[in-house]
Protein chains: 2
Amino acid sequence: MAVDPTRALVIGVDFGTLSGRALVVRVEDGTELGSAVHAYTHGVVDERLPTTGARLPPDWALQVPSDYIDVLRIAVPEAIKAAGVDPSDVIGVATDFTACTMVPTTDDGTPLCELPHFASRPHAYVKLWKHHAAQGQADRINDLAAKRGESWLPRYGGFISSEWEFAKGLEVLEEDPEVYAAMMHWVEAADWIVWQLTGTYTRNACTAGYKAIRQDGRYPSPEFLAELNPDFADFVTGKVDWPIIDLGDRAGNLSARAAEWTRLPEGIAVAAGNVDAHVTNPAGQAIEPGQMVAIMGTSTCHTMNSDQLHEVPGMCGVVDGGITKGLWGYEAGQSGVGDIFGWFVHNSVPEGYAAEARSRGIGLHELLTAKAAAQQVGEHGLLALDWHSGNRSILVDHELSGMIVGQTLATKPEDIYRALIEATAFGARTVVEAFNHAGVPVREFVVAGGLIKNAFLMQIYADVLNMPLSVVSSEQAPALGSAIHAAVAAGAYSDVEAASAVMGRAEKNVYRPIKENVAAYDELFEEYRALHDYFGRGENKVMHHLRDVRRRAHGSE
Amino acid sequence: MAVDPTRALVIGVDFGTLSGRALVVRVEDGTELGSAVHAYTHGVVDERLPTTGARLPPDWALQVPSDYIDVLRIAVPEAIKAAGVDPSDVIGVATDFTACTMVPTTDDGTPLCELPHFASRPHAYVKLWKHHAAQGQADRINDLAAKRGESWLPRYGGFISSEWEFAKGLEVLEEDPEVYAAMMHWVEAADWIVWQLTGTYTRNACTAGYKAIRQDGRYPSPEFLAELNPDFADFVTGKVDWPIIDLGDRAGNLSARAAEWTRLPEGIAVAAGNVDAHVTNPAGQAIEPGQMVAIMGTSTCHTMNSDQLHEVPGMCGVVDGGITKGLWGYEAGQSGVGDIFGWFVHNSVPEGYAAEARSRGIGLHELLTAKAAAQQVGEHGLLALDWHSGNRSILVDHELSGMIVGQTLATKPEDIYRALIEATAFGARTVVEAFNHAGVPVREFVVAGGLIKNAFLMQIYADVLNMPLSVVSSEQAPALGSAIHAAVAAGAYSDVEAASAVMGRAEKNVYRPIKENVAAYDELFEEYRALHDYFGRGENKVMHHLRDVRRRAHGSE
């Protein structure tokens with residue numbers, strides 16, 4: 001290294017749903033020196049195509065790839081400036097991305113939407129993770145895989161998501177065959193951004209495993225694909241397959257073009273592509289087997305390493321090297337967490353509370369939290385199911401919905417608010433128990449994300465889980481996680497474990513279970529489990545039936 | 001009759017929970033000529049005793065009997081004045097009362113609380129119907145009756161209420177034996193007010209049957225009572241038993257003292273005591289077998305005549321002559337209806353809706369109704385159980401509570417409001433079906449009470465029940481029902497049937513079922529029934545468990 005090791009810097013760039021954030025980190029000790037955010041000019045394209053103004057169908061969500069380049073051009077130099085450092089001290093760059101977010105490209109990586117004759121074609125754009133219009137394709141993939149007994153299906157808890165590479169790819173084929181034919185590569189945005197930085201296409205093991213059904217070195221067979229659609233038979237060989245590199249590997253060197261965008265030294269290390277949730281484990285020093293990281297925001301994503309391969313019912317997936325090289329990376333998730341609290345505050349809190357919050361100079365979340373925090377466990381007499389946004393793990397059923405029981409004429413808004421928080425904690429416990437029972441024990445629960453600011457909520461999680469909570473203390477944990485990978489790719493550390501130990505930051509056991517609350521919640525959790533199974537496992541299908549009735553009623557308007 | 005039949009008047013006086021209302025009615029055609037209301041000075045005494053300021057325990061609800069006399073002294077003359085009539089044309093008076101509301105008296109009917117040495121003793125006061133502190137006594141009565149296989153128990157759907165004469169009487173014995181010893185009569189307020197009007201104590205067949213366990217001319221045996229408490233053995237013979245008169249009978253003549261209070265002619269007819277719900281049937285011309293009257297307010301009371309005696313599971317009671325002489329009178333009830341909607345509006349409607357209601361110059365109930373009325377059946381995707389106040393019929397379980405299922409992040413306040421209305425309609429259908437299945441078919445559904453103003457709600461009931469709804473069109477139906485009894489007691493009509501036919505007022509088939517809605521609700525009702533049985537019949541006891549947990553949590557504060 002030409003750079004003095006004590007001055008060496010790395011940059012982590014976290015590409016989120018609405019913006020990208022660059023963070024400058026000191027390699028020697030992980031100190032965060034400065035950061036900058038750039039919001040995507042086009043945001044999420046879910047109403048009208050920017051070029052033509054054409055209206056998009058429901059459930060579509062696209063992005064414009066040049067917005068990502070803008071993050072490199074704007075946020076990276078601004079972060080350097082904010083840090084007050086010399087860019088020549090930067091020895092590596094790494095990125096993390098939302099996933100599964102897919103870019104259809106030419107042979108040289110040019111997004112098809114940037115070709116003039118495809119600029120008006122919706123399927124030529126980036127399909128964001130939350131593009132949900134390929135559910136029909138996903139259903140067919142799942143039905144066929146179950147029928148054929150495909151060995152990879154249990155690695156995904158039994159279900160492939162409509163968000164993932166195959167469902168979205170089949171959707172392109174069947175809805176715009178010309179775009180499909182022109183598409184030389186079907187590229188994860190996580191890999192596309194690395195291609196832009198290095199000039200070389202590489203495919204990372206994480207997204208290939210979780211989103212592209214790559215297991216034991218293989219993808220779904222041509223026979224399987226042909227049975228879905230004869231023209232889909234060469235999808236893997238023609239559009240997807242490409243040499244795999246591991247997380248933390250050096251994908252290549254910063255190209256002259258990317259050096260110009262970022263004002264960083266040409267030739268420095270660029271790490272393999274990665275995913276926002278999965279980079280958080282190293283950021284929180286949570287990469288040992290059994291350290292489960294919960295990234296808690298509008299939804300919660302759970303990521304955990306293990307040295308054991310087991311089939312955990314209802315997990316999102318298990319991937320060899322999916323979090324760090326050499327271990328099995330597990331992922332699970334709760335579809336709705338913070339967005340349930342947001343929905344409640346927006347729709348169910350009366351005027352008097354709004355006035356009280358204003359007079360106290362706090363928000364409604366803070367007001368409800370303060371009122372709810374004054375209660376004993378069980379005092380509100382309520383129990384809820386946290387499925388307002390469906391259930392990702394462990395039931396994998398997006399037709400489920402919310403439920404609350406125990407209301408009386410004395411029930412107050414803060415009672416329901418607290419019951420909803422508790423329901424999400426019970427949901428988290430259900431995930432943890434599924435891992436424990438499947439032989440992949442959860443030994444530590446490490447929290448990150450926007451909800452960690454609510455200490456009352458955190459204590460409930462500690463009490464419900466009967467585990468102390470460790471907190472990822474960086475406020476930009478994914479970007480820090482990427483910076484750790486940049487340091488490894490640059491050779492400053494031997495591996496992600498070593499870099500994480502020095503550069504990561506976690507506070508251990510910030511919230512400890514309170515014995516009496518644990519006992520009280522154990523009792524309530526048994527009731528939650530009974531309702532979970534009754535409504536969620538088919539004994540009473542009322543939630544599905546109500547969805548059907550609702551769709552029919554909307555249709556008859 | 002000395003009075004010209006075309007000018008003859010009667011007065012009905014309706015004693016409610018918070019006030020009494022007098023109504024002047026023309027005998028010839030039932031025309032309502034004028035009315036007046038007087039609010040009880042002491043209202044419901046549920047916090048402190050008025051004489052001493054002593055704090056009352058939870059679940060207590062007392063009244064002060066002189067407040068009832070004030071209604072006779074103030075509201076009756078004011079109603080005459082409002083009607084602009086000559087009081088000398090009044091030929092009869094009748095009253096109806098809340099029940100079971102009990103007055104402990106001396107031999108001459110003086111309430112014990114009016115004796116100076118008992119004025120500081122809570123048990124010497126009137127125990128209002130909603131005094132709920134005798135649940136322990138009621139539980140013992142029910143357990144013992146079930147153990148002994150008492151034949152009267154099924155006449156009450158299997159359960160005696162804590163509100164009724166025996167539970168409240170046993171409570172007096174066990175908590176204040178001196179008051180119990182001094183109490184020469186344990187008098188229904190419905191009969192006490194008649195005693196005050198006539199100077200003679202009579203006991204009406206309605207309250208004796210529904211509230212005092214009088215069946216086939218007998219009360220519970222001394223052996224049964226002694227097994228509850230040896231000192232209770234002579235409760236019936238010593239405090240309760242008294243000659244019975246039928247509804248519509250002349251209890252006596254207006255005494256000189258009562259003539260002075262009311263400014264009515266001394267000696268005119270006074271009818272047997274009666275109950276507010278049960279007088280509504282004649283007011284609504286709904287006394288034929290199978291005409292079910294639903295008095296819909298904060299709760300709903302169902303009353304219906306039949307020529308058949310059957311045991312309807314979960315009814316409140318069946319009494320020979322309980323509504324009109326010669327037929328079996330059935331009663332059932334829904335503990336919470338309008339108060340559930342009130343609770344929701346008070347606790348769960350956001351600020352923006354309150355602002356919208358103000359800007360449109362309407363109330364929140366009207367705003368939510370307008371929004372909900374724009375929906376198709378099932379469009380909200382929700383299903384609720386209407387047990388926020390427990391379940392009176394058909395489960396007879398006040399430890400049950402509310403439940404709602406189907407919430408998503410798109411669920412709006414009007415969706416929940418509509419689902420709650422529908423839940424109460426499903427609850428009403430459950431009552432109707434219990435009667436139908438027990439061999440006491442409901443042939444017409446006749447509605448009265450405050451909720452009949454909401455046409456949207458009424459249409460939902462018609463659609464859910466798949467029956468046209470008739471409406472009791474008097475705005476003061478109970479007082480009109482009493483006036484009908486006054487006319488019969490005065491001899492102007494041969495019986496209540498004849499008087500009701502002329503003086504009652506009902507509009508037939510005001511709301512007719514809409515075929516498509518009926519089919520849609522049939523489907524949802526099957527789901528309601530499944531949840532009703534699951535949560536209500538012991539398969540899942542979570543509601544009881546949550547109540548227990550809640551009580552423990554409150555206790556541990």
Side-chain angles (χ1 to χ4, degrees), chain A residues 336 339-340 342-343 345-355 375-383 385 387-390 401-413 416 516 520 523-524 526-527 530-531 534-535 540-543 545-554 556-557, chain B residues 336 339-340 342-343 345-355 375-383 385 387-390 401-413 416 516 520 523-524 526-527 530-531 534-535 540-543 545-554 556-557:
Chain A
D339 54 5
I340 299 178
W343 162 80
V345 161
H346 192 68
N347 285 286
S348 303
V349 180
E351 187 167 36
Y353 280 57
Q375 300 181 355
Q376 304 290 317
V377 177
E379 188 178 324
H380 53 49
L382 300 171
L383 190 65
L385 292 173
W387 303 343
H388 300 62
S389 222
S401 51
M403 196 243 26
I404 185 162
V405 60
Q407 302 95 309
T408 72
L409 301 180
T411 300
K412 296 278 175 209
I416 299 176
E516 312 84 71
E523 196 178 328
L524 290 170
E526 289 309 310
E527 296 288 1
L531 292 170
Y534 177 71
F535 285 110
N540 185 324
K541 294 186 174 170
V542 61
M543 291 177 178
H545 189 187
L546 289 171
R547 291 250 185 199
D548 288 344
V549 169
R550 187 174 158 210
R551 274 186 287 260
R552 269 188 276 141
H554 278 278
S556 73
E557 269 170 14
Chain B
D339 54 5
I340 298 177
W343 161 80
V345 161
H346 192 70
N347 285 285
S348 303
V349 180
E351 186 167 36
Y353 279 57
Q375 300 180 355
Q376 304 289 317
V377 176
E379 187 178 323
H380 53 50
L382 300 172
L383 189 65
L385 292 174
W387 302 343
H388 300 62
S389 223
S401 52
M403 195 243 26
I404 185 162
V405 60
Q407 301 94 310
T408 72
L409 300 180
T411 300
K412 296 282 176 204
I416 300 176
E516 312 83 72
E523 195 178 330
L524 290 170
E526 288 309 309
E527 297 288 1
L531 292 170
Y534 177 71
F535 285 110
N540 186 324
K541 295 187 173 169
V542 62
M543 291 177 180
H545 190 187
L546 289 171
R547 291 249 184 198
D548 287 344
V549 170
R550 187 173 157 211
R551 275 187 287 259
R552 268 187 277 141
H554 278 278
S556 73
E557 269 170 13

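Chain letters run A, B, ... following the sequence lines, proteins first, then strands; residues in each count from 1. Computed from a predicted structure; not experimentally measured.
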**OP:** Among B/Val542, B/Val549, B/Leu409, single out the residue with the greatest number of heavy-atom pairs under 4.5 Å to chain A.
**Re:** B/Leu409
**OP:** For A/Tyr353, check ring-ring contact (aromatic ring centres under 6.0 Å, His included) against everything at least two apart and list the hits.
**Re:** none
Original post:
Which bit of B/Leu524 comes within less than 4.5 Å of chain A, counting heavy atoms only: side chain, backbone, both or neither?
Top reply: side chain
**OP:** Could you check whether the rings of A/Tyr534 and B/Phe535 sit parallel, tilted or perpendicular, using 30° and 60° as the cut-offs?
**Re:** perpendicular
Original post:
Just how far is it from atom OG1 of B/Thr408 to atom CE of A/Met543, taken to the nearest 0.5 Å?
Top reply: 12.0 Å
Subject >> Full working for side chain to side chain contact (heavy atoms under 4.5 Å, CB included) between B/Ile340 and A/Gln407 >> reply: CA-CA 10 Å; B/Ile340 298 177; A/Gln407 302 95 309; over 6 Å; no
Subject >> Pairwise distance NZ(B/Lys412) to OG(A/Ser348) - rounded to 0.5 angstrom >> reply: 10.0 Å
**OP:** Quick one: pull up CD in B/Glu523 and NE2 in A/His545 and give me the separation to the nearest 0.5 Å.
**Re:** 3.5 Å
Original post:
Say you draw a straight line from CE of A/Met403 to CG of B/Leu383; how long is it, rounded to the nearest 0.5 Å?
Top reply: 12.0 Å
Subject >> Options A/Val349, A/Val345, A/Leu546, A/Asp548, ranked by heavy-atom pairs under 4.5 Å with chain B, top entry >> reply: A/Leu546
Original post:
Residues in ring-ring contact (aromatic ring centres under 6.0 Å, His included) with A/His388, at least two apart?
Top reply: A/Trp343
Subject >> Residue B/Asn540 versus chain A: region with a heavy atom under 4.5 Å >> reply: side chain
